[in-house]
There are 2 protein chains.
Amino acid sequence: MARAGLSQEAVVDLALQAVDEGGPTALTLAAVAARAGVAIPSLYKHVRNLAELRALVSVRIMNELSDLLTEAVLGRSGDEAVRALMEAWRAYAVRHPHRYAAIIQAPDPATAQAGERLIGILLATLRAYGLHGSAAVHAVRCLRAMAHGFGVLEASGAFGLPEKLDDSYDLLVRMAISRLRTAR
Amino acid sequence: MARAGLSQEAVVDLALQAVDEGGPTALTLAAVAARAGVAIPSLYKHVRNLAELRALVSVRIMNELSDLLTEAVLGRSGDEAVRALMEAWRAYAVRHPHRYAAIIQAPDPATAQAGERLIGILLATLRAYGLHGSAAVHAVRCLRAMAHGFGVLEASGAFGLPEKLDDSYDLLVRMAISRLRTAR
DNA sequence: AGGCATTGGCTAATAGCATTAGCTTTAGGG
DNA sequence: CCCTAAAGCTAATGCTATTAGCCAATGCCT
């Protein structure tokens with residue numbers, strides 16, 4: 001029998017595909033195996049169990065987001081960088097709502113590391129405001145809470161009113177920026 | 001055989017208990033039935049299926065939160081009201097992290113209604129700033145994104161650094177308030 | 001080239017879950 | 001006192017993850 005030529009990478013790819021199409025609850029070993037054209041137990045050769053697969057998916061998503069944020073702040077600084085960062089963040093959540101909804105996982109070492117990378121990007125962006133140490137940490141947490149909260153709510157359809165979401169997000173970003181400038 | 005004397009209310013009570021102890025994934029018909037001292041299929045006399053039970057739990061949680069927020073703003077207005085509101089919100093998420101994590105559900109009519117009640121409270125609180133119509137809607141969305149984002153991240157243990165979370169949240173609230181005052 | 005260990009696939013079996021069907025018993029109102 | 005509606009039950013189905021153990025393909029080493 002010809003081998004399918006799977007790998008952990010490939011399995012995670014297919015898992016992401018499943019998430020994109022059916023949301024986080026559609027990430028099932030059966031769905032991934034079907035996509036791979038393989039029997040379910042074969043997946044255990046590449047992944048310890050479903051929990052690990054979920055963690056791997058989460059890490060992949062966080063890294064994807066980190067890449068986009070890095071690209072967004074390249075060549076910018078200060079308010080402009082923060083605005084670009086926040087816009088890129090939301091753009092990712094809007095473009096891949098299901099994927100974004102799958103980002104939250106039980107805390108485990110692998111995802112923690114991916115999360116630290118994300119935080120590092122934010123910290124670097126805030127250096128332009130002269131924020132270091134604890135002040136920067138607090139500011140980063142605020143940016144995360146804002147972007148993540150908006151992303152989660154938007155992705156889950158919690159904003160039902162007809163007002164434009166772009167305008168709401170714009171206000172949110174201005175809330176962040178104005179305080180950052182004075183919080184030096 | 002003596003009846004257990006269940007009701008939809010009682011089933012939701014037990015479901016909430018299960019969520020509190022084991023998180024959203026612990027909300028299973030088996031767990032609820034065990035708590036009720038009843039066979040699993042008996043639950044279907046009180047609840048259409050697991051999805052409906054989840055929605056009912058979500059509604060219950062949102063209403064609980066709404067009650068707390070209402071109480072928090074009673075007798076206050078303006079900045080003080082917003083600060084009390086945000087503090088109460090976070091306090092709920094901290095006190096019941098698992099419960100808070102179970103709040104997000106697929107959009108359905110019942111939860112939508114509970115969500116509108118929450119939004120109504122926020123809108124009323126913002127009236128003190130002279131915010132009406134669209135401006136108020138945008139501001140409400142920002143408050144929701146901030147409080148919810150922080151709550152989700154804190155409840156899931158995403159804030160690992162030693163800096164005090166109280167201070168981070170305080171900065172977040174100040175970000176909101178300062179812009180609200182000038183956004184009239 | 002040939003042997004052989006490693007690897008990646010398989011089938012079969014188990015156990016937990018939700019859901020449905022259909023039966024029995026309880027409780028309470030005429 | 002009956003008898004109907006509600007609330008419980010058991011049994012059966014089908015989906016899920018997971019484990020055990022088998023077999024074939026791959027590729028390295030001589």
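Labels below follow one simple rule: chain letters A, B, ... track the order of the sequence lines, proteins then strands, and each chain is numbered from 1.
- Put simply, the side chain of B:Tyr169 never gets that close to the backbone of B:Phe150: no donor and acceptor are under 3.5 Å apart.
- Of the candidate nucleotides C:dA18, C:dC10, D:dT18, C:dC10 has the atom lying nearest to any side-chain atom of A:Lys45.
- Candidate nucleotides C:dA18, D:dT19, D:dG8 were compared by shortest atom distance to the side chain of B:His46, and D:dG8 ranks first.
- Each of A:Arg90, A:Arg95, A:His148 was checked for a side-chain hydrogen bond (donor to acceptor under 3.5 Å, both in side chains) with A:Tyr100, and the lone residue meeting it is A:His148.
- Applying the salt bridge (Lys or Arg N to Asp or Glu O under 4.0 Å) definition to pairs two or more places apart or across chains, those involving residues 18-47 of chain B are B:Asp20-B:Arg99, B:Glu21-B:Arg35.
- In this structure, CG of B:Leu43 is placed 12 Å from C1' of D:dC9, rounded to the nearest angstrom.
- Within residues 19-38 of chain B, the residues approached by DNA chain C to less than 4.0 Å at the level of any non-hydrogen atom are B:Thr28, B:Leu29, B:Ala30, in residue-number order.
- Checking A:Asn49 against B:Ile40, the closest nucleotide of DNA chain D that is more toward the 5' end is the one next to B:Ile40.
- Note: CD (B:Glu52) to P (C:dA18) measures 15 Å, nearest angstrom.
- Between A:Arg174 and A:Asp170 there is a salt bridge, with a side-chain nitrogen of the basic residue lying less than 4.0 Å from a carboxylate oxygen of the acidic one.
- Within the 4.5 Å cutoff, the side chain of B:Leu126 has heavy atoms near those of the B:Leu143 side chain.
- Counting to the nearest Å, the P atom of D:dA6 and the CD atom of B:Gln8 are 15 Å from each other.
- Within 4.0 Å (heavy atoms only), B:Leu6 reaches sugar-phosphate atoms of the nucleic acid but no base atom.
- The phosphate of C:dG8 has neither OP1 nor OP2 within less than 4.0 Å of any side-chain N or O from A:Ser42.
- Salt bridge absent: A:Arg141 and B:Glu154 never bring a charged side-chain N and a carboxylate O closer than 4.0 Å.
- Within the 4.0 Å cut-off from OP1 or OP2 of D:dT19, not a single side-chain nitrogen or oxygen of A:Tyr44 is found.
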